[in-house]
2 protein chains.
Amino acid sequence: MGVGLTRKSGAGGRSTVRDVAARAGVSASTVSRVLGGEYPVSAATRTRVLRAVRELDYVADARARAVAGAGTPTLAFVLEDITGPSFAHMAYGVEREAARLGHLSLVCSTDGDVRRELEFIEMMRAQRAAAVILVGGAADTPEYRERTRRVADSLAAAGSRLVLCGRPPLGPGAPVTVIEYDNEGGAYALVAHVLAQGHRRVLFLGGKPDHTTAMGRQRGYLAAHRARGVEPDPALLLHGDFTRDSGHRLMRQALARGLEFSAVIAATDMVAAGALTALHEAGLAVPGDVSLAGYDDIPFARDLRPALTTVHVPYEELGRLAVRTALGHGGESADEHLLLGTHVVVRDSVAAYGGH
Amino acid sequence: MGVGLTRKSGAGGRSTVRDVAARAGVSASTVSRVLGGEYPVSAATRTRVLRAVRELDYVADARARAVAGAGTPTLAFVLEDITGPSFAHMAYGVEREAARLGHLSLVCSTDGDVRRELEFIEMMRAQRAAAVILVGGAADTPEYRERTRRVADSLAAAGSRLVLCGRPPLGPGAPVTVIEYDNEGGAYALVAHVLAQGHRRVLFLGGKPDHTTAMGRQRGYLAAHRARGVEPDPALLLHGDFTRDSGHRLMRQALARGLEFSAVIAATDMVAAGALTALHEAGLAVPGDVSLAGYDDIPFARDLRPALTTVHVPYEELGRLAVRTALGHGGESADEHLLLGTHVVVRDSVAAYGGH
DNA sequence: GTGAAAGCGCTAACAA
DNA sequence: TTGTTAGCGCTTTCAC
């Protein structure tokens, strides 16, 4: 039935340059040239080639192109969990900017698992990714710094680049680009605002004890207290993670434990949301009985009741900046360190201290 | 200074199999074999090779491996905007499951731009992606169906596969895998619940007029009315998008226009959040003056005040299922169509109709 | 303007 | 067990 002949004819798909060349009656190089665009080819041949391409529904294998030297550059980003609103916004910024700059984006969610992060980075080195962007904080231990520094070196040696987006530098000399926002400064301003309202016992619903972001915010909390001359009570520092459920759980525990406080600072807006519900469940009014503030200024924050006072962080811009900086200069770039500012957004969840 | 000799020695990076082979005193194939793992190599050589690999900090170029036949399989997913909570959860499911199955994930945010979606799919065909997953609804026009069907054919011919995740089928015979959740059914149940509370004029804050998800939900809204024998007032159908801001804006317009209603159904929880705030700003109590319900059951929904009655959708599972089904059977798979169920989650934002 | 040939970095079939 | 030889599918000199 002559089926054999049909193989490459119809919808095509698995066809190669050579198939196209044959069908157009030219050489493979010519096909490559008309597809490449940058090379003089007679109008007639071009037309024939293009027709063959269309008939075969041909697309050049990107991997082969890459090996041969052409090929779409790729960039990778790693985050703990794309599901968190602030992560999602950074991811959005990264992907959009990468696409704008003609790059493909590879993602990996690590769920906070360091091994996974490392494995993925190694894969990206194999992929010859132009840059690997680590999005969001991490547990800051000595081993972490050493490991990260090692991968930074590997990447740099391979002509790629490690970017820390929303994560602090590794120390001098590490070949990394870091784009951060000011966790400590934002928290400082926020807590100062709360303290200025007369609150003296403010609960801190923090993140994991080693987490860079969580710690930065906690440092700001502490510093604001000291600047005001009030000694923070260590019992008021609670640790969980950055989810809504963590905020809910922590707040319930604090209440159950009979902790005394007139205001609470949540490490993220998500945590604040959970805390707000727990407060509400306990019959406490916000901000009547207790004031509450978050961090991140996610879109949702203004829909909580009361609307949440929080710290605005330009997440999307952070992501965009990260790829722009990483891709801007080819490899030999100076080790950049950008610190983006944040500002507190006053809404309705913090009120003046009403006595106790 | 003998610097030339140092080039490939130190941190290495751009080294090739041949460099490693030379340093270990073996052939390239041997290096490939020890790295591949599946082939008998003497312990001694293996050690030497491994040492050379370490010293050179070598990783095989993944693109070259792919061309040669080995190589990490890749999968791609496309969505409108990773920033939307439900999208983010699907994306999370997709990425996690892909990684679990040993695949790399490429992402693209289209911002709803069809051209971008098409361009990206074409790139994925060039990348020889194992599957391309389209996440979330789309504007359902005849052109859309035709275009999508065409790319589905292209992909299929190339041994890849198109997956529609949260988007309806293209009609019979299209080589696609579709994993949907029941928009119409969920909305039907939700609206029936609201109607059962005695409400008769319920406002619908919908999405874009052609959008498959939005339309499915609207159909459910309409069907529930008819089933109850109440004729829905077309003036009560408003159109926007799925964001919080859209909900806020639409709700304000409805109020300004003096529309009469005692309940509102928002097409998504985000829309509901914005609507809630608009209602609040207008001095209306929920559910005292007007009842409100959302759709998606995002984590945040229970932190709104009142806690939002909504429809639960297993987004993460949807994403996981999408990749499992797509990857499960190699190409020649039957054209699958899975419809996941949803259920309404009754919380506090819908109350019985209190008269008018 | 076009083709032949060399090569990108890797793996696999074939010998030895 | 290991090396040699062919590719994989593409691009890019280098000739004509």
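Naming convention: chains lettered A, B, ... in sequence-line order (proteins, then strands); numbering from 1 in each chain.
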**Student:** Using five pairs at each end of the helix from C:dG1-D:dC16 to C:dA16-D:dT1 to define an axis, what is the angle between those two axes, to 10°?
**Tutor:**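 Answer for the end axes of this duplex: 40°.
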
**Student:** Is it true that a side-chain atom of A:S160 and a backbone atom of A:A156 form a donor plus acceptor pair closer than 3.5 Å?
**Tutor:**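 Checked: no pair found.
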
**Student:** Hey, are the side chains of A:H103 and A:T72 touching, using non-hydrogen atoms and a 4.5 Å cut-off?
**Tutor:**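 No; the side chains remain at least 4.5 Å from each other.
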
**Student:** Using a strict cut-off of less than 4.0 Å between a Lys/Arg side-chain nitrogen and an Asp/Glu carboxylate oxygen, indicate whether A:R167 and A:E180 qualify as a salt bridge.
**Tutor:**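 A:E180 and A:R167: not salt-bridged.
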
**Student:** For A:S32, which contact category applies under a 4.0 Å heavy-atom criterion: base, sugar-phosphate, or nothing?
**Tutor:**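 Counting heavy atoms under 4.0 Å across all strands, the contact made by A:S32 includes a base.
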
**Student:** Whole-Å distance between C:dC8 C1' and A:D61 CG?
**Tutor:**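 From A:D61 CG to C:dC8 C1': 13 Å.
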
**Student:** For DNA chain D, which residues of residues 38-49 of chain B approach it to below 4.0 angstrom with any heavy atom?
**Tutor:**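 Heavy-atom cutoff 4.0 Å gives B:Y39, B:P40, B:V41, B:S42, B:T45.
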
**Student:** Between B:T16 and C:dG9, is there a contact of a side-chain N or O with OP1 or OP2 at under 4.0 Å?
**Tutor:**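 No, no such contact exists.
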
**Student:** So, for A:P175 and A:A152, which heavy atoms are closest and what is the spacing to 0.1 Å?
**Tutor:**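 Heavy atoms of A:P175 and A:A152 come nearest at CG-O, 3.7 Å.
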
**Student:** Contact class for A:R18 (heavy atom, under 4.0 Å): base, sugar-phosphate, or nothing?
**Tutor:**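 Base, at least one base atom sits under 4.0 Å.
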
**Student:** In a check of side chain to side chain contact (heavy atoms under 4.5 Å, CB included) between A:L164 and each of A:I133, A:I179, A:L170, A:V135, which one passes?
**Tutor:**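 It is A:L170, the one option of A:I133, A:I179, A:L170, A:V135 that forms the side chain to side chain contact (heavy atoms under 4.5 Å, CB included) with A:L164.
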
**Student:** In Å and rounded to the nearest 0.5 Å, what is the CD1 to CZ distance from A:I121 to A:R150?
**Tutor:**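 Rounded to the nearest 0.5 Å, the CD1-CZ separation comes out at 12.0 Å.
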
**Student:** Base, sugar-phosphate, or nothing: which does B:S29 touch, judged by heavy atoms less than 4.0 Å apart?
**Tutor:**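 Result for B:S29 = base.
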
**Student:** Measure from the side-chain N and O atoms of B:T177 to the backbone N and O of B:E336, and report whether any donor-acceptor pair falls under 3.5 Å.
**Tutor:**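 Pair absent, no side-chain N/O of B:T177 close to backbone of B:E336.
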
**Student:** When you list every nucleotide of DNA chain D with an atom under 4.0 Å from a heavy atom of chain A, which one comes first 5' to 3', and which comes last?
**Tutor:**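 First and last nucleotides in contact are D:dG9 to D:dT13.
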
**Student:** Would you confirm whether B:D111, through its side chain, and B:D113, through its main-chain N or O, come within 3.5 Å as a donor-acceptor pair?
**Tutor:**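 Absent.
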
**Student:** At what distance, to the nearest 0.5 angstrom, does CZ of B:R100 lie from CD of B:E95?
**Tutor:**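 That separation rounds to 12.5 Å.
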
**Student:** Please state how far atom CZ in B:R33 lies from atom C1' in C:dT11, giving the value in whole angstrom units.
**Tutor:**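 It is 10 Å, rounded to the nearest whole Å.
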
**Student:** Within this structure, what is the OH-CG distance for the pair A:Y58 and A:L50, rounded to the nearest 0.5 Å?
**Tutor:**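 The CG atom of A:L50 is 12.5 Å from OH of A:Y58, to the nearest 0.5 Å.
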
**Student:** Just by modelled atom types, is the B:R18 backbone N or O under 3.5 Å from a matching donor or acceptor in the B:T16 side chain?
**Tutor:**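 Yes, B:T16 side chain to B:R18 backbone: donor-acceptor pair under 3.5 Å.
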
